[in-house]
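Counting starts at 1 for both ligands and their atoms, in listed order. Side-chain atoms are counted along with the backbone in the values below, which use heavy atoms only and exclude waters and symmetry mates.
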Amino acid sequence: HPIFLHDYQPPEFLIDRVDLAFELDPEQTMVTARLELRRNPAATRGDGTVCLHGEQLELEWIALDGHPLNPVDYRVERESLTVQRVPDRFVLETQVRIHPAHNTALEGLYQSGDMLCTQCEAEGFRRITYFLDRPDVMARYSATLIADKTRFPVLLSNGNRVASDDLDDGRHRVRWEDPFPKPSYLFALVAGDLRAVEDSFTTASGREVALQIFVEPHNLDKCDHAMRSLKKAMRWDEERFGREYDLDIFMIVAVSHFNMGAMENKGLNIFNDKFVLARPDTATDVDFDGIESVIAHEYFHNWTGNRITCRDWFQLSLKEGFTVYRDQEFTADVASRGVKRISDVRVLRSHQFTEDASPMAHPVRPDSYIEINNFYTATVYQKGAEVVRMQANLLGPEVFRRATDLYFARHDGQAVTTDDFVRCMEDASGRDLSQFRRWYEQAGTPELHIQTSYDEATRTCSLIVRQHTEPTPGQPVKAPFHLPLAIGLLGPDGRDLPLRLAGASSPDAPGTHVLELRQAVETFHFVDLPARPVPSLLRGFSAPVKLSFDCTDDDLLFLMAHDSDGFNRWDAAQTLMQRLLLNLVEDAEAGIPESFFDAFRRALRDEASDRALLAEVLTLPAESYLGEQMAVVDVDGIHRARTTLTRLIGERLRDDLLAVYRDNGESGPYAFTPEAVGRRALKNLALGYLMQAEDAEALARCQAQFAGAHNMTDVMAALRLLVDRGGLESRQALDEFYRRWSGESLVLDKWFSVQATSPREETLTQVIQLMRHPDFSLGHPNRVRSLVSAFCNLNQVRFHAADGAGYRFLADRVLELDPLNPLIASRLVKSLIRWRRFDPGRQALMRAEIARILEREDISKDVFEVASKALDAG
Ligand code: ARG
Ligand code: ZN
């Protein structure tokens, strides 16, 4: 049954204080809770009962104001505990028994390897104790942890460690107190035999904060990058947003079994170890990058999420959209702004635009859900970040900073809504954002169609801009959005022209001009232009829309070469390559114009250009992205076309590619700097083109790189190419890699995924065999993602094989996983929901598998929601 935003009611009771005591043991843990409750003056009066959330709890005893309750005074149901006839203010004490070692869903308190840890967002706390498990109930917590001292020497929870002692039965006891009121989803505890890397940070106001990263002993040598990232993030938040850390201690724990990326629990962030552990020889540049931004993201939540939290889960983007925006800006500032924008837009287009076009389409602020875990989506996170970004751009940096200052001052300590956020933007700027609010309410990706024309007689360039948004489930008609459209006009020399709108008194300086759109159709006239300009539209991707405009291949080549906006140079190259590739899909004999190879060659030879940016520009659009551009995805045609163009580039530009490969070789020790990352990216891109051309020298170099590289980026790039090529070299390389790295779980994940994502014909057979490998386990989310999700989401040509074997494989995994871990199972189902995008044969096969999933009795509501929406919509 869905829950609706419009049914929101403030809680009838509030909880001011929570005192928890845990007797920890993997087989059974006893949880004692003492809750101080009082009637909420702001709520309507109910029937004199209080109803607490609770799931999979075995209630041992219960007392109200110190008196044990009779069974007639309360009722335990599958998901709740109701206590009758309660006073306006009272203390409720409960003791429950739970079983962490048997908690395979990894929500609540669970076991990971030898440690115990928690994940409470969104609704995991109710698997730990009976509670008002909703984010608008904010309380002060203490937690007393008791456990065997040899198995669990380290006992952690939120806030400050205030007491510890040894008991005489071999157990010890530690008490933690968190001075800041928080919602239950931010509660955390960890118990284990862990070691810490320690450091400290002095805040802007001179307070000393102890920093600790806890890991299993053998991982102590993989924490440096995470610690550096944390200190960078803390400084940046002070400088850019005026946000200081507020406790005396900040802890991070790396956990091997984790459903998501990481979690921002107050003072005690718990991380998927993938986003903490890195050494140059074990982690790639992409991993280093992920660690830096996830560490920052979770740290930034301390203000955007913890100090100010969400009123209800419909407001999830209040904290996630804003925090993603903040971590994106952090990376843009500490690394390369241009490259960061490109990679963020890649993610947005490949994940969010596809979600918007699917039966799971939902607004940034959803208005209903069955299972909230299904709404930790690209729409809530990435589109939510774009919506904050547009507001930042509409307000400008100074006013936006004033608006965020106002938000932090006005709402500190509160649980609020996305509307409260926008009101701060309005109040600080004096602007009316009522139409802008539609970005939170309407699902779907707006399509902008822009027609440009030039009139020589009046020296005027006109833009007719139309916006339109396709219907999405439950929203048949969309109203126009208010959006910023950043544009420039390039003169014949490639330079930005000064822009003057008709009627405006003086021209703007040359450069980017931001038009604000509000209507379905709008026309703009730019005057005083000496010649027909080439328009550069939607610079920096100023709004999350699909843009189409009439321009020639020559215009694209011109933009690619000259646009002052780095993002649009990249986008022009992508559009051009997309055109060439889609032509090749239609007609395998279609030629590639010489001008394309010339432009590619010029770019390769351009010594001055930023290598990271160049690598982005010279990367062909992904097969899945090309599929999105077609009315019906031509799975095999796309693969053929992309392989062909890759090979042609390798053949035609051989010497230049080899030169680039040589010039950007490994030099000196590994450094994670934008410069060094860019060199590796460009070098490995060149090697990829050469390998597709079956160049003998390239193969030798690839093997040498695999055997000799000192960093995992280069090793993996070489392994990937050897595996995709197949043959004896591939088998040897895989075996060698396995022998070297079988003891490092995160590296082994790469060994699984490099095989799962290979476009070779035998991949599915290989994946099925790997499911039986002793190192594979369905209970380990990272491993499932590295093999099963990688195959289903990153291997379009094999997953979508016409015989439906990929779909059958997926549905079997979903049915196996659902009883163990519904969150992971439900994520997998999402790989099938875009069935309408394929040909009738594939459609029927995909629908049959969704139907087979739905037929299973007792499927989780997670899987039910996604599977049923997939078949219902339309
Ligand atoms: N708040 C976490 C973040 O930083 C994500 C937690 C997701 N948990 C879940 N059960 N869906 O983005
Ligand atoms: Zn987050």
Exercise for the section: Check whether any heavy atom of E123 sits under 4.0 Å from an atom of ligand 1. Expected result: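 Per 4.0 Å heavy-atom rule, E123 does not contact ligand 1.
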
Exercise for the section: Decide whether the shortest distance between a heavy atom of I372 and an atom of ligand 1 is less than 4.0 Å. Expected result: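 No heavy atom of I372 comes that close to ligand 1.
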
Exercise for the section: Could you walk me through whether F421 and F322 pass ring pair (Phe, Tyr, Trp, His ring centres under 6.0 Å), step by step? Expected result: CA-CA 10 Å; F421 178 84; F322 191 14; 5.0 Å; yes

With heavy-atom distances below 4.0 Å as the criterion, list the atoms of ligand 1 near [X].
X    : answer
H297 : 3 (C), 4 (O), 12 (O)
E264 : 1 (N), 2 (C), 3 (C), 4 (O)
A262 : 2 (C), 3 (C), 4 (O), 5 (C)
K319 : 1 (N)
N373 : 9 (C), 10 (N), 11 (N)
L823 : 10 (N)
Q119 : 8 (N)
E298 : 3 (C), 4 (O)

Once you round to the nearest 0.5 Å, how far does [atom1] of [X] lie from [atom2] of [Y]?
X    : Y    : atom1 : atom2 : answer
L318 : D419 : CG    : CG    : 10.5 Å
M227 : I295 : CE    : CD1   : 9.0 Å
L132 : I15  : CG    : CD1   : 4.0 Å
N259 : Y110 : CG    : OH    : 6.5 Å

Exercise for the section: Compute the centroid of each ring, for Y245 and then for F201, and state whether the two points are separated by less than 6.0 Å. Expected result: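 Not close enough - the centres of the two rings lie 6.0 Å or further apart.
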
Handout entry: Distance-only donor-acceptor check, side chains T417 and Q315, under 3.5 Å
Key =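 Side chains of T417 and Q315: no pair found under 3.5 Å.
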
Exercise for the section: Using a cut-off of strictly less than 2.8 Å, determine whether E264 has an N/O/S atom near the Zn ion (ligand 2). Expected result: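 So E264 does not bind the Zn ion (ligand 2) by this criterion.
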
Problem - Shortest protein contact, atom 12 (O) of ligand 1 (heavy atom only) - result: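 Answer for atom 12 (O) of ligand 1: Y381 OH, 2.5 Å.
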
Exercise for the section: Could you find the nearest protein heavy atom to atom 6 (C) of ligand 1 and give me its residue, atom name and distance? Expected result: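 Of every protein heavy atom, E121 OE1, 3.5 Å lies nearest to atom 6 (C) of ligand 1.
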
Exercise for the section: Provide the closest heavy-atom pair for E386 versus R341 in the form atom of the first, atom of the second, distance. Expected result: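 That closest heavy-atom pairing would be OE1-NH2, 2.8 Å.
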
Exercise for the section: Quick one: report the N, O or S atom of E320 that is nearest to the Zn ion (ligand 2). Expected result: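 The nearest such atom is OE1.
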
Exercise for the section: Please determine if E320 has a nitrogen or oxygen closer than 3.5 Å to a nitrogen or oxygen of ligand 1. Expected result: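 Yes, since at least one N or O of E320 sits under 3.5 Å from an N or O of ligand 1.
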
Handout entry: Salt bridge flag under 4.0 Å for residues R126 and D133
Key =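 Salt bridge present between R126 and D133.
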
Handout entry: Lys/Arg-Asp/Glu bridge criterion (N-O < 4.0 Å) met for E123, R134
Key =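 Salt bridge between E123 and R134, a charged N being under 4.0 Å from a carboxylate O: no.
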
Problem - ligand 1 versus M260: contacting region, heavy-atom distance under 4.0 Å - result: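 Only the side chain of M260 comes within reach of ligand 1.
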
Problem - ligand 1-proximal atoms of T323, by part, heavy-atom distance under 4.0 Å - result: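 Neither; no heavy atom under 4.0 Å.
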
Exercise for the section: May I have the step-by-step check of ring pair (Phe, Tyr, Trp, His ring centres under 6.0 Å) for F314 and F4, ending in yes or no? Expected result: CA-CA 9 Å; F314 298 103; F4 294 95; 8.3 Å; no

